[in-house]
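Following: one structure in structure tokens, then a few remarks.
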Amino acid sequence: MEMESVSFEDVVVKFTKEEWALLDPSQKKLYKDVMQETLRNLAAIGKKSGKQKVLNEYENLWRKLR
């Protein structure tokens with residue numbers, strides 16, 4: 001049985017700017033911690049070339065939320 005690749009887009013939870021503004025600081029920290037752990041897990045199972053793509057997607061997500 002062949003396993004399909006999992007991408008950052010498959011597991012990321014995206015908030016709109018309005019939704020993000022409604023979160024309190026502890027919720028934002030929890031989100032950041034969970035996304036960092038997810039990123040580490042994806043990087044650990046992914047190929048080296050895929051790791052950079054995941055990192056770029058994660059960084060872009062944070063830029064949009066700031």
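A pairwise comparison of heavy atoms in Leu22 and Gln27 identifies O-OE1, 4.3 Å as the closest pair. Scanning both residues, Met35 and Val12, for their nearest heavy atoms gives SD-CG2, 3.6 Å.
Residues passing the salt bridge (charged side-chain N to carboxylate O under 4.0 Å, His left out) test with Glu19, sequence neighbours excluded: none.
Ring geometry for Trp20 against Phe15 counts as tilted: the plane angle lies between 30° and 60°, on a 0 to 90° scale.
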